[in-house]
Amino acid sequence: MSTVLSLDDVGQLAPAGYFIALRIGFAFPVEEVNALPPDWVDYYTQNRYMLFDPAIRWAYANTGIVLWDNLTGDDPRQILEKAKTYGLIHGITISVFDGNSDGQRSFASFARSDRPFLDLEIKLLEAFLHRRHREMAPPTNLTDAELVALQMVKDGLRLKQIAFELKVTEGAVKQRLKNAKDKLGAKTSTQAATMAAQYGII
């Protein structure tokens, strides 16, 4: 296993399941991966556990690593105990915040059913989350003109309308949107606008 983990590697280190939320702002993460047992996800959702989950509360208030065993005193609904019946017996939660001005943090929970995590495994998972948090940082190289064009795409304007509003040619708008797509790694202008909105830059 490489020291630069892939999601497959994460699945091997956390065979009982994992949940990763990257760059959470005021509402939704920029990216989310839920590989927890589907039966547990259904039960958790039906009982609206997210507001009371001690691991989630810890992740929003702290950075670093915590073992689920150290959160049981803050779990009046016995959520972590109930999770064990779904194979989530040994768990850790990791939270990352780099002081960015948008207040975006990333966190993840990982679980095993067979044994506690080894120190090396925890370090690898922490490094993975730090790397993914950095990779999902909003780009800083978009120009004001590109951001304006993306905002107009998000608002539902067509190419001709954008050109008219900005008093430039359609070719100029196309070039701005192409540059923005390249910088964001998006396939379409709509996808680029959606990504920019998720990043909070438009």
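Numbering starts at 1 and runs along the sequence shown.
- For the residue pair Trp68 and Ala111, the shortest heavy atom distance occurs at CH2-CB, 4.0 Å.
- Atoms CD1 and OG, on Ile24 and Ser95 in that order, are 8.0 Å from each other to the nearest 0.5 Å.
- Looking at Val148 and Ile202, their side chains never come closer than 4.5 Å, going by heavy atoms from C-beta outward.
- Side chain to side chain, Thr93 and Ser109 meet the donor-acceptor criterion of an N or O pair below 3.5 Å.
- Here the straight-line distance linking atom CG of Leu120 with atom CG of Leu124 works out to 4.5 Å at 0.5 Å rounding.
- For Lys174, the NZ atom sits in a loose shell: 12 or fewer heavy atoms of surrounding residues, nucleotides or ligands are nearer than 6.0 Å.
- Ala193 approaches Val153 most closely through the heavy-atom pair CB-CG1, 4.0 Å.
- A 4.5 Å side-chain heavy-atom check between Ile89 and Arg112 finds every atom pair outside the cut-off.
- Other residues, nucleotides and ligands place no more than 12 heavy atoms under 6.0 Å from the CG atom of Asp144.
- In summary, of the residues considered (Val4, Ile20, Asp9), a side-chain contact (heavy atoms from CB on, under 4.5 Å) with Phe128 occurs for Ile20 alone.
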Would His90 and Ser113 count as a side chain to side chain contact (heavy atoms under 4.5 Å, CB included) here? Give the steps. CA-CA 6 Å; His90 305 283; Ser113 56; over 6 Å; no
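- Hydrophobic clustering, with ILVMFWY side chains joined whenever heavy atoms are under 4.5 angstrom apart, keeps Leu118 apart from Tyr18.
- Comment: Lys123 does not engage Asp119 in a salt bridge, judged by the lack of any side-chain N to carboxylate O separation of less than 4.0 angstrom.
- A heavy-atom distance below 4.5 Å is not found between the side chains of Val96 and Thr63.
- Here Leu184 contributes atom CG and Gln191 contributes atom CD; the two are 9.0 Å apart, rounded to the nearest 0.5 Å.
- No hydrogens or angles considered: nothing links the side chains of Asp8 and Gln12 as a donor-acceptor pair under 3.5 Å.
- Nearest heavy-atom pair across Pro37 and Leu88 is CD-CD2, 3.9 Å.
- When the shell of 6.0 Å around CZ of Arg115 is examined, it contains more than 12 heavy atoms from other residues, nucleotides or ligands.
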Check the pair Lys181 / Lys187 against side chain to side chain contact (heavy atoms under 4.5 Å, CB included), numbers first and verdict last. CA-CA 7 Å; Lys181 285 187 292 186; Lys187 291 186 173 67; over 6 Å; no
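- A continuous path of Ile, Leu, Val, Met, Phe, Trp and Tyr side chains, each step under 4.5 Å between heavy atoms, connects Leu125 with Leu7, placing both in one hydrophobic cluster.
- With contacts defined as side-chain heavy-atom distances shorter than 4.5 Å, the pair Leu159/Leu177 qualifies.
- For the residue pair Asn34 and Leu36, the shortest heavy atom distance occurs at OD1-N, 3.1 Å.
- Between the side chain of Asp155 and the main chain of Leu157, no donor-acceptor pair closer than 3.5 Å is present.
- Taking 4.5 Å as the limit, some side-chain heavy atom of Arg132 sits within range of a side-chain heavy atom of Glu31.
- A 4.5 Å side-chain heavy-atom check between Phe110 and Glu121 finds every atom pair outside the cut-off.
- Between Asp98 and the options Arg23, Arg105, Arg131, a salt bridge (Lys or Arg N to Asp or Glu O under 4.0 Å) holds for only Arg23.
- With Asn70 contributing its side chain and Val66 its backbone, the two residues share no donor-acceptor pair below 3.5 Å.
- Ile79 places a side-chain heavy atom less than 4.5 Å from the side chain of Phe52.
- Side-chain contact between Glu126 and Ile65 is present, with heavy atoms from C-beta onward closer than 4.5 Å.
- Counting non-hydrogen atoms of neighbouring residues, nucleotides and ligands closer than 6.0 angstrom, the NZ atom of Lys154 reaches no more than 12 such neighbours.
- Of the possible polar contacts, none joining the Lys82 side chain to the Tyr43 backbone as a donor-acceptor pair under 3.5 Å is found.
- Under 3.5 Å, the side chains of Asn179 and Gln175 contain a donor-acceptor pair of N or O atoms.
- For the atom pair CG of Asp75 and CD of Gln78, the computed distance is 5.5 Å after rounding to the nearest 0.5 Å.
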Side chain to side chain contact (heavy atoms under 4.5 Å, CB included) assessment of Gln104 paired with Phe97: CA-CA 7 Å; Gln104 293 180 333; Phe97 177 62; 5.9 Å; no
With side chain to side chain contact (heavy atoms under 4.5 Å, CB included) as the criterion, how do Phe107 and Trp58 come out once you've worked through the C-alpha distance, each side chain's angles and the decisive distance to 0.1 Å? CA-CA 10 Å; Phe107 68 82; Trp58 181 90; over 6 Å; no
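- Aromatic ring orientation, Tyr49 versus Trp40: tilted (interplanar angle from 30° to 60°).
- Here the CD1-CG distance, from Ile122 to Leu67, works out to 5.5 Å after rounding to the nearest 0.5 Å.
- In this structure, Phe164 is not a member of the same hydrophobic cluster as Val168, with clusters built from ILVMFWY side-chain heavy atoms closer than 4.5 Å.
- Summarising the geometry of Gly156 relative to Gln161, their closest heavy-atom pair is O-OE1, 4.3 Å, with the distance given to 0.1 Å.
- Checking side-chain atoms of Glu146 against main-chain N and O of Thr143 turns up a donor-acceptor pair under 3.5 Å.
- Ring centroid separation for the pair Tyr86 and Tyr44 does not come in under the 6.0 Å cut-off.
- Among all heavy-atom pairs drawn from Lys183 and Pro139, the shortest one is O-CB, 4.5 Å.
- Distance CG/Leu166 to CZ/Arg176: 6.0 Å, rounded to 0.5 Å.
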